[in-house]
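Let me begin by presenting the structure, written as structure tokens, before commenting on it.
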Amino acid sequence: QVQLRESGGGLVQAGGSLRLACAASGRTFSSYAMGWFRQAPGKEREFVTAISRSGGKTSYSDSVKGRFTISRDNAKNAVYLQMNSLKPEDTAVYYCATSVGFPSYSPAEYDYWGQGTQVTVSS
């Protein structure tokens, strides 16, 4: 079992940056690929990015490619999402989650989820 907690969300102006962190508890953290999803009000949960167990491979949605960077530090049981050049369209609750496979794009492929952290980008 893995428990996840996101942090780092907040309010930022368009063009700004934000760094999200996902802290995990559990001995098997490094056994999971990790992903970030986001969900805006009234919309489906959307895949953002994912990273393999060792951190050697990453995958990004077209909407964030070139702007967002996912990374992980297995020694710290943490995964991060560096978000640059933020746009109002990025406004959403951001969730981190675990998966057994990589890449995984559907929320159904993820087993454990954090509570989410709000990211609001103003124009």
Side-chain angles (χ1 to χ4, degrees):
Q1 294 185 341
V2 178
Q3 297 179 52
L4 306 173
R5 182 188 177 191
E6 301 92 340
S7 63
L11 176 64
V12 64
Q13 290 187 342
S17 298
L18 213 55
R19 183 176 175 84
L20 306 184
C22 175
S25 63
R27 299 168 62 185
T28 59
F29 174 75
S30 62
S31 297
Y32 296 98
M34 298 292 297
W36 286 95
F37 285 76
R38 64 188 183 186
Q39 188 167 25
K43 297 186 178 181
E44 297 287 324
R45 189 162 296 190
E46 174 190 20
F47 171 81
V48 177
T49 180
I51 189 167
S52 61
R53 289 176 294 174
S54 67
K57 298 179 179 180
T58 58
S59 181
Y60 298 90
S61 68
D62 290 339
S63 62
V64 307
K65 195 172 299 181
R67 300 188 298 121
F68 290 10
T69 303
I70 188 172
S71 62
R72 69 188 297 164
D73 187 341
N74 288 346
K76 296 182 178 179
N77 277 14
V79 61
Y80 307 95
L81 181 62
Q82 178 66 46
M83 304 184 294
N84 298 325
S85 301
L86 283 163
K87 306 174 181 179
E89 313 90 272
D90 296 319
T91 295
V93 176
Y94 283 71
Y95 301 89
C96 65
T98 68
S99 69
V100 296
F102 177 89
S104 298
Y105 303 114
S106 171
E109 298 179 274
Y110 290 79
D111 303 302
Y112 299 101
W113 294 80
Q115 291 294 110
T117 185
Q118 176 70 48
V119 171
T120 303
V121 184
S122 62
S123 60

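Counting only residues at least two apart or in different chains, side chain to side chain donor-acceptor pair (under 3.5 Å) contacts with residues 110-119 comprise Q118-T120. Among residues at least two apart or in separate chains, salt bridge (Lys or Arg N to Asp or Glu O under 4.0 Å) pairs with a member in residues 80-101 are R38-D90, R67-D90. Within the structure, salt bridge (Lys or Arg N to Asp or Glu O under 4.0 Å) pairs that include any residue of residues 2-30 do not occur (at least two apart or interchain). Within the structure, ring pair (Phe, Tyr, Trp, His ring centres under 6.0 Å) contacts touching residues 65-95 (residues at least two apart or in different chains) do not occur.
Residues W36 and I51 are not in side-chain contact: their nearest non-hydrogen atoms beyond the backbone lie 4.5 Å or more apart. Between V12 and M83, every side-chain heavy-atom pair lies at or beyond the 4.5 Å cut-off.
In terms of the ring-ring contact (aromatic ring centres under 6.0 Å, His included) criterion, residue partners of F47 (sequence neighbours excluded) are, by chain and number, F37, Y105. K65 is linked by a salt bridge (Lys or Arg N to Asp or Glu O under 4.0 Å) to D62, counting only residues two or more places apart in sequence or in another chain.
A distance-only check finds a donor-acceptor pair linking the side chain of N77 to the backbone of G26 [under 3.5 Å]. Formation of a donor-acceptor pair under 3.5 Å by the S99 side chain with backbone atoms of M34 is not found in this model.
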Please test I70 against Y60 for side chain to side chain contact (heavy atoms under 4.5 Å, CB included), starting from the C-alpha separation and ending with a verdict.
CA-CA 9 Å; I70 188 172; Y60 298 90; 3.5 Å; yes

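For the residue pair A92 and A40, the shortest heavy atom distance occurs at CB-N, 3.8 Å. The nearest pair of heavy atoms linking A97 to L4 is CA-CD1, 3.7 Å. In this structure, S17 and Q82 approach most closely via the heavy-atom pair CB-NE2, 4.0 Å. For P88 against S123, the heavy-atom pair with the smallest separation is CG-CB, 3.9 Å.
V100 and V2 fall within a single hydrophobic cluster, where Ile, Leu, Val, Met, Phe, Trp and Tyr are joined by side-chain heavy atoms under 4.5 Å apart, directly or via other members.
Here the OG atom belonging to S31 is positioned 7.0 Å from the CZ atom belonging to R53, to the nearest 0.5 angstrom.
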